[in-house]
Asker: 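Please read through the structure below; I'll follow up with questions.
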Amino acid sequence: MRRAWLMLLAAAGVTLATVVPAVAPASAAALAPPQVRVNQVGYPAGGPKVAFAMLPRTVPRVRFEVVTPHGVVYRGVSADDVGAWNANYQAVYRLSFSGLRLPGQYRVRLLSPAAAASPGFIIGDGFQLYQQLVDNSVRYFTSERDGPDVVSSVLSRQPANLTDEKAYVYADPRYDSNDNLLGTLKKTGGPVDVSGGWFDAGGGYEKFAYTAGYADALMLLAARDFPNSYDMLQQEAAFGLQWITKLWDPARKVLYAQVGIGTGNASNTIQGDYNFWFLPQHEDRMNIKPGGNPGPSAYYVKYRPVFPAAPPGQKVPPNLAGRFAADFALGAQVAGDPAEAAHLLSLARGVYAMAKTSHVGQLVTVFPHDFYPATQWKSDMLWGAAEIALADEATGAAAGRLRADLSVAARWARAYMAQGHDDTFNLYDTGAVAEAELIQAMRQAGDFPVSTRTLLADMAAQLRAGQAQAKGDPFALGTQLGDSDASPHAFGLYITDALYQKYGGSGQFASFAQQQLNFALGANGWGTSFVVGAGTVFPHCMQSEIANLAGSLTGTGNIQLGATTDGPSSPDNFVGLSTVDGMRACSAGHFAPFNTKTAAYEDNVLSWPSVEPADDYTANSLMAFALGAAGLG
């Protein structure tokens, strides 16, 4: 699970509000009305097409039809009861209409045992379905820009956190078990310019190397593989890389992991970013003088500390070294200028060489660690090495150099595969994309220090793990519903299958992978897409300071397009949620009847477990949409 920051604010004197999206049981006299769940964006014309009918009780069969504004185009009958959902919906029927291939606009309509209709969707090619969604994803990152180079036409953004241009470095902070800061911060160096970059997530303005490095690598990969397909993708990826470059000082051999602090101390004498709810430009305007508002306790909110991943000259945590190497090497692959490409490849080699790969201990992600409690790092080392090899090829490196770099990548591929998998592709496990990149590098080089078949088999093993997890879930989500990040895992499984097929794998997982995309875009128990602007029903009331304060709260007009949220989460995560002064109250939809004992969803600005957007979530959806738009998957 990702961070749970608002639960920490009770100790800071922030107002608590309880949002418990409990299951709302239907009485026997008033059975819950039937529901039809579909991918609200649509389905590829040549691919599998499945909808779901949620019914209060089992029936012998379900009769349905697919309609256009001009009439019925498909009729079907289903007796495929895939299981109970909750007390209200004790049967879910799988409705297949894969035989319908004609492009157009459609709805699925139940005929019996009762009438109900789905939201509209389209059938078309990948570009029709997903091209605009890629552009929306890029726009989300533009809306989350920090520093002087913002785009005012996107949610009226203004330059922010200009104090980051001359920020000071501090020793890594210590936190107690409740994530309260212990002691004071000790200045160790600076000033350094860490301005720019993207805010990590909707509910705060810190900037993290761990998540930004992941997001920018996926964005650079999409820009490389689909050049000239999206107007602003290349530019936004370059913006992200510019900030990442600021975080690695090759002369002093130090990597900066974080800018800003989310939580302060228990006594509130040191406040953190999560104590405030305002637009980012207000951080520069805070009066931190004695007697000012908010006063000296907010010093580190205005003058944000920079924390290194390790002291200068010491080995760098391998998760960060691998990701940064991948970023720089991908930058080298897309650079138009040979000198710039050579410089970026040099940065990639330098940071990769500093990776600490023995006696690793607890990984550095962010401070405090349990905001992003990663334990896996071999996939990052594989990813960095694979991209260095691809950059060798792009820049014309000597054959011996390329062969050596491929051997390093193969060594980390074997190490990654040997450890086994308890996760699939997402922020915490980058193996599937790294394996695909290594296959590409080996094919281009004609040198195979590890078998392509072996790498594909490992990608297939990850997809089978998702399939195994999907058993017992009526909507076939390939990750544990409630306990893990639902929508990014769903997008990650789609990405994995698209790359698996691209590099020679069979189509055996295609229907499963398509259902992962379907789930994230509306074919789930709650009937909502988890991507803003994708489909008919999507989050209106995100826990996003920018969206909440500068945007519309109705789902129309000026919204934070492309923002991708987690979706359903454990009901325990919704207890004791907090509000912050300045937050605009917002709640939309009525999802309680669809909650279960293990998973709940709430479209409410308080509800970070469901509707806080994040860079890594949106990077996954961006990559999935780009692959889908290209006809992959």
Side-chain angles (χ1 to χ4, degrees), residues 2-9 12 14 140-141 143-147 150 157 160-165 167-175 179-181 185 190 192-216 240 243-244 246-247 255-265 270-284 286 297-309 320 323 364-374 427 543-548 563 580 608 612-619:
R2 70 185 301 107
R3 61 189 178 85
W5 66 267
L6 276 180
M7 296 181 72
L8 307 174
L9 293 181
V14 178
Y140 168 77
F141 283 95
S143 75
E144 290 288 306
R145 284 189 179 192
D146 193 22
V150 298
R157 287 299 320 284
N161 292 303
L162 301 182
T163 56
D164 287 352
E165 293 176 357
Y168 284 89
V169 181
Y170 291 78
D172 293 345
R174 296 180 301 113
Y175 288 88
D179 293 335
N180 293 306
L181 182 68
L185 297 182
V192 293
D193 180 3
V194 289
S195 61
W198 301 306
F199 305 125
D200 170 65
Y205 297 131
E206 323 96 292
K207 299 180 293 193
F208 299 145
Y210 182 66
T211 51
Y214 172 84
D216 200 47
W243 185 67
I244 288 166
K246 292 181 177 183
L247 299 186
L255 188 154
Y256 300 115
Q258 179 169 328
V259 179
I261 57 170
T263 58
N265 59 19
I270 297 177
Q271 297 194 80
D273 195 83
Y274 303 151
N275 290 88
F276 300 93
W277 190 270
F278 46 32
L279 291 171
Q281 60 266 24
H282 290 295
E283 295 195 325
D284 283 325
M286 300 178 95
S297 64
Y299 178 88
Y300 294 114
V301 179
K302 180 171 184 176
Y303 297 104
R304 306 199 300 179
V306 181
F307 301 120
L320 294 175
R323 288 180 190 209
V364 173
T365 53
V366 306
F367 303 101
H369 175 76
D370 62 7
F371 281 8
Y372 288 99
L427 173 69
Q543 190 170 102
S544 164
E545 293 180 74
I546 292 169
N548 180 254
V580 184
W608 64 264
E612 183 185 20
D615 291 356
D616 59 294
Y617 296 168
T618 307

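Numbers for residues simply follow the sequence, beginning at 1. Values below: all heavy atoms of this structure, side chains included; hydrogens, waters and symmetry mates excluded.
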Asker: Considering non-hydrogen atoms only, spot the tightest contact between G204 and F199 and give its length.
Answerer: O-CB, 3.9 Å

Asker: To check you understand the geometry: which heavy-atom pair defines the closest contact between F141 and D615, and what is its length?
Answerer: CZ-O, 3.4 Å

Asker: According to side-chain contact (heavy atoms from CB on, under 4.5 Å), who are the partners of A547, at least two apart in sequence or on a separate chain?
Answerer: M542, S544, Q560

Asker: Sequence neighbours left out, what passes side-chain contact (heavy atoms from CB on, under 4.5 Å) with V150? Give chain and number order.
Answerer: R145, R157, P159

Asker: Take W277 and H282 through the test side chain to side chain contact (heavy atoms under 4.5 Å, CB included) and record every step on the way to the result.
Answerer: CA-CA 10 Å; W277 190 270; H282 290 295; over 6 Å; no

Asker: Between R323 and Y210, do the side chains contain a donor N or O and an acceptor N or O under 3.5 Å apart?
Answerer: yes

Asker: Give me the atom names and distance for the closest heavy-atom approach of A212 to I244.
Answerer: O-CD1, 3.8 Å

Asker: Would you please name every residue forming a side-chain contact (heavy atoms from CB on, under 4.5 Å) with F307, sequence neighbours left out?
Answerer: Y170, D172, P173, L185, Q258, I261, P305, F367

Asker: Could D164 and K246 be called an ion pair, given the rule that one side-chain N must be under 4.0 Å from one carboxylate O?
Answerer: no

Asker: Can any side-chain N or O of D284 pair as donor or acceptor with the backbone N or O of Q281 at less than 3.5 Å?
Answerer: no

Asker: I'd like to check E283 versus F278 (side-chain heavy atoms, cut-off strictly below 4.5 Å). Are they in contact?
Answerer: yes

Asker: When rounded to the nearest 0.5 angstrom, what distance separates CG in D179 from CG in N265?
Answerer: 13.0 Å

Asker: Could I get the full list of side chain to side chain donor-acceptor pair (under 3.5 Å) partners for W198, not counting sequence neighbours?
Answerer: E236

Asker: Checking D146 against W243: is there a side-chain donor and acceptor pair closer than 3.5 Å?
Answerer: no

Asker: Tell me whether K207 contacts the main-chain N or O of G197 through its side chain, where contact means a donor paired with an acceptor under 3.5 Å.
Answerer: no

Asker: Search all heavy atoms of L320 against all heavy atoms of A257 and return the closest pair with its distance.
Answerer: CD1-CB, 4.2 Å

Asker: Using the rule given for side chain to side chain contact (heavy atoms under 4.5 Å, CB included), can you reason through I270 versus Y300, listing the C-alpha separation, both sets of side-chain angles and the distance that settles it, and then say yes or no?
Answerer: CA-CA 8 Å; I270 297 177; Y300 294 114; 3.8 Å; yes

Asker: By side chain to side chain donor-acceptor pair (under 3.5 Å), which residues pair with D273, not counting sequence neighbours?
Answerer: none

Asker: Determine the minimum heavy-atom distance between L162 and G147, stating which atoms define it.
Answerer: CD2-C, 3.9 Å

Asker: Among all residues two or more places apart in sequence or in another chain, which pass the side-chain contact (heavy atoms from CB on, under 4.5 Å) test with A167?
Answerer: V194, V306

Asker: Nearest heavy-atom pair of A215 and A619: which atoms, and what distance?
Answerer: CA-CB, 3.7 Å

Asker: With side chains defined as the heavy atoms from C-beta onward, is the minimum distance between I546 and Y205 less than 4.5 Å?
Answerer: yes

Asker: Report yes or no: does E545 contribute a side-chain atom to a donor-acceptor pair with the main-chain N or O of L279 at less than 3.5 Å?
Answerer: no

Asker: State, yes or no, whether a side-chain contact exists between F371 and T365 at a heavy-atom distance under 4.5 Å.
Answerer: no

Asker: Would you check, one step at a time, whether the test side chain to side chain contact (heavy atoms under 4.5 Å, CB included) holds for Q271 with F276?
Answerer: CA-CA 9 Å; Q271 297 194 80; F276 300 93; 3.6 Å; yes

Asker: Give a yes or no on this: more than 12 heavy atoms of other residues, nucleotides or ligands lie within 6.0 Å of atom OH of Y303.
Answerer: no

